[in-house]
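A short worksheet on the structure shown next.
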Amino acid sequence: MPSFFLSFPDFNLYSTPLLILVFQGLVFVALLLARYFKKKNISDLFLGLILLIICYEQTCYTVGFMGWYNVFRNTKINYFLIPMGVAIAPLIYFYVKAITTSNFTFRKKDWLHFVLAFSLILFRLTIYFYDSLQTGFDDTQNGILKLSVDEPIISPLWVFVSFAQMLLYLAFTFQLFYNYRKRIREYFSNTYKLELNWILSFLIAFTLLFLYSSLQDIVGSLIIELNYKQRWWLNIFMALVVLFVGVKGYFTDTTKLNKLSFSFSPNPESIPQQKNNSSEFLKSDLERVSTFMNTEKPYLNPDLNLSDLSKSLDLTRAELSKIINTGFGKNFNDFINEYRVNTFKAKLKSGEHQQLSLLGIAYDCGFNSKATFNRVFKKITQSSPTEFLNTLKS
């Protein structure tokens with residue numbers, strides 16, 4: 001039996017955890033891509049590609065710790081282990097955008113975000129084909145262009161480019177996410193199921209990974225050269241992130257906005273003025289909205305949104321948004337939830353807590369989650385529901 005079969009693969013303390021975690025990551029890649037082809041949720045495609053690229057980038061260290069480079073000393077694998085962080089950065093952005101944008105579509109011009117990634121792939125293939133034509137290529141691991149151009153020039157440059165690009169895309173993605181959270185409070189009365197806390201965890205995980213990777217590059221370049229085993233920690237961290245993202249990304253429903261349009265322009269200039277006196281216009285509509293809220297009690301519907309309420313009042317979404325924001329000095333979410341809290345307080349004062357739990361009463365008032373109810377009640381009353389109830393008993 002040839003000797004290399006006895007020395008490769010070497011399952012040891014370094015290679016085995018990476019191998020197991022990378023394999024599990026590939027399982028989630030397969031699940032996400034299968035669901036994409038079945039249900040056409042493009043966010044599954046973006047997340048699947050993110051995990052696939054990270055697993056692919058783990059190949060170098062995984063096979064390295066398994067003894068690949070010791071056994072196959074003339075391997076050409078380094079040509080094809082392409083650092084694809086420049087593809088991960090825009091994929092993270094488009095993954096979050098696909099989830100937080102209703103009816104999202106990937107446009108032709110969006111491919112421009114991946115020009116750097118395709119350029120690097122083309123460069124690596126070019127130098128491989130050039131080097132493969134040179135004499136003695138079969139007897140060495142890296143050819144002339146790999147050693148004279150890629151490793152001393154392109155690779156260090158690429159570290160800087162990847163750092164700058166990831167920093168930029170993470171900043172844009174966090175901005176996109178927080179703008180989304182702001183928008184849903186202007187449209188939905190209950191936002192708990194739409195807040196997408198998973199996305200925040202997803203972004204924090206990749207930010208920590210980015211910071212750790214950047215710190216390692218700085219230490220390895222400017223302070224002390226890090227050996228293969230010292231760089232293992234980043235790879236095990238990456239593998240754990242893949243597992244976490246795979247599990248949460250696959251089992252969390254992120255398709256709530258796929259068929260829903262909640263875009264509108266609350267720009268006052270776009271709102272037709274129906275009366276000459278704008279203050280009179282606003283005052284009359286404030287009374288109209290208040291009367292409707294008190295008599296019809298639309299806030300008892302936990303799924304109430306700006307569009308539903310505007311149709312009931314025969315107003316456009318932009319008009320109603322202006323009335324609530326300017327006239328009442330609140331966003332839509334706070335405006336509706338204040339009615340719910342006041343109704344909850346009235347029910348406690350009438351003694352309904354003797355027949356129903358506090359959460360049951362909250363649900364009757366239009367809330368749809370315990371977390372949202374407690375948070376909103378505390379925000380409006382500066383006390384918890386239990387504390388408020390105790391003040392009634394004293």
Side-chain angles (χ1 to χ4, degrees), residues 25-57 84-118 165-188 191-210 241-265 305-307:
L26 291 174
V27 170
F28 281 105
V29 169
L31 291 173
L32 286 164
L33 294 182
R35 190 166 68 182
Y36 164 71
F37 287 113
K38 181 178 180 180
K39 297 186 177 181
K40 303 302 179 184
N41 294 327
I42 196 168
S43 59
D44 286 336
L45 175 62
F46 290 139
L47 186 58
L49 291 176
I50 291 170
L51 299 185
L52 179 62
I53 291 173
I54 297 179
C55 289
Y56 157 78
E57 292 201 329
M84 293 300 291
V86 289
I88 293 176
L91 282 172
I92 290 174
Y93 172 78
F94 280 113
Y95 173 63
V96 175
K97 189 172 185 179
I99 291 172
T100 58
T101 304
S102 54
N103 301 306
F104 171 82
T105 56
F106 188 81
R107 301 160 299 178
K108 289 183 179 179
K109 66 178 183 180
D110 291 332
W111 285 108
L112 293 175
H113 291 265
F114 300 93
V115 167
L116 284 175
F118 289 128
Q165 190 203 40
M166 182 62 80
L167 184 64
L168 189 64
Y169 272 94
L170 282 175
F172 282 142
T173 308
F174 270 107
Q175 183 183 42
L176 175 71
F177 177 68
Y178 283 113
N179 284 341
Y180 159 78
R181 280 195 161 183
K182 183 178 180 181
R183 282 190 300 127
I184 63 174
R185 293 189 180 99
E186 294 287 352
Y187 189 88
F188 297 100
T191 61
Y192 180 73
K193 294 180 180 178
L194 297 167
E195 287 176 352
L196 301 177
N197 291 318
W198 141 244
I199 297 300
L200 183 59
S201 300
F202 167 84
L203 290 175
I204 290 174
F206 275 99
T207 299
L208 292 175
L209 190 60
F210 166 66
V241 167
V242 166
L243 183 60
F244 166 73
V245 170
V247 172
K248 294 291 292 183
Y250 183 76
F251 291 106
T252 303
D253 180 14
T254 56
T255 63
K256 300 179 182 69
L257 303 177
N258 281 6
K259 302 299 180 183
L260 178 64
S261 175
F262 63 102
S263 300
F264 68 99
S265 174
N305 59 49
L306 184 70
S307 180

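Please read all numbers here as calculations on a predicted model, not as lab measurements.
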Here the gap from Leu52 atom CG to Leu26 atom CG, rounded to the nearest 0.5 Å, amounts to 7.0 Å
Are Ile88 and Met166 side-chain neighbours, meaning at least one heavy-atom pair lies under 4.5 Å? yes
OG of Ser201 to CZ of Phe206: how many Å apart, nearest 0.5 Å? 12.5 Å
Minimum side-chain heavy-atom gap Ile92-Leu203 below 4.5 Å: yes
What's the shortest heavy-atom distance between Gly249 and Tyr95, and which atoms? CA-OH, 4.4 Å
Between Tyr169 and Phe172, what is the ring plane arrangement, given parallel below 30°, perpendicular above 60°, and tilted in between? perpendicular
Is the closest side-chain heavy-atom distance between Leu47 and Tyr250 below 4.5 Å? no
Taking all non-hydrogen atoms of both residues into account, name the closest pair between Gly48 and Val29 and its distance. O-CG2, 3.7 Å
Show your reasoning for whether side-chain contact (heavy atoms from CB on, under 4.5 Å) applies to Leu167 and Phe210. CA-CA 8 Å; Leu167 184 64; Phe210 166 66; 3.9 Å; yes
To the nearest 0.5 angstrom, please state how far the CG atom of Leu243 sits from the NZ atom of Lys248. 12.5 Å
Less than 4.5 Å apart, side chain to side chain, heavy atoms only: is that true for Leu306 and Glu186? no
For a 4.5 angstrom cut-off between non-hydrogen side-chain atoms, does Tyr36 reach Leu31? no
Determine the interplanar angle of the Phe104 and Phe94 rings, folded into 0 to 90°, and report it as parallel if under 30°, tilted if 30 to 60°, perpendicular if over 60°. tilted
Is the number of heavy atoms from other residues, nucleotides or ligands under 6.0 Å of Phe174 CZ greater than 12? yes
CG on Leu91 to CG on Leu49, rounded to 0.5 Å: 5.5 Å
Over 60° means perpendicular and under 30° means parallel, so classify the ring planes of Phe251 and Phe28, tilted if in between. perpendicular
Judged by atom type as modelled, is there a donor-acceptor pair below 3.5 Å linking the side chain of Asn41 to the main-chain atoms of Ser43? no
Of all heavy-atom pairs linking Val242 and Gly25, the shortest is CG1-CA, 3.5 Å
Any heavy-atom pair between the side chains of Ile99 and Leu196 that's under 4.5 Å? yes
Just by modelled atom types, is the Met84 backbone N or O under 3.5 Å from a matching donor or acceptor in the Glu57 side chain? yes
So OH of Tyr93 and NE2 of His113: to nearest 0.5 Å the spacing works out to 6.5 Å
Shortest non-hydrogen contact between Ile53 and Ala87, atoms and distance: CD1-CB, 3.9 Å
Short side-chain to backbone donor-acceptor contact, Arg183 and Thr100, under 3.5 Å: yes
Should we say atom NZ of Lys38 is surrounded by more than 12 heavy atoms from elsewhere, each under 6.0 Å from it? no
Sidechain-backbone polar pair: Asp110 side chain, Arg107 backbone, donor-acceptor under 3.5 Å: yes
Can you confirm whether Val241 sits close enough to Leu208 that some side-chain heavy atom of one is under 4.5 Å from a side-chain heavy atom of the other? no
What's the shortest heavy-atom distance between Ala89 and Gln165, and which atoms? CB-OE1, 3.6 Å
Decide yes or no on side-chain contact (heavy atoms from CB on, under 4.5 Å) for Ile199 and Tyr180, but give the supporting numbers first. CA-CA 11 Å; Ile199 297 300; Tyr180 159 78; over 6 Å; no
Aromatic contact between Phe244 and Phe202, with the criterion being ring centroids under 6.0 Å apart: yes or no? no
How far apart are the C-alpha atoms of Asp44 and Leu33, what are their side-chain angles, what is the distance that settles it, and do they pass the side-chain contact (heavy atoms from CB on, under 4.5 Å) test? CA-CA 6 Å; Asp44 286 336; Leu33 294 182; over 6 Å; no
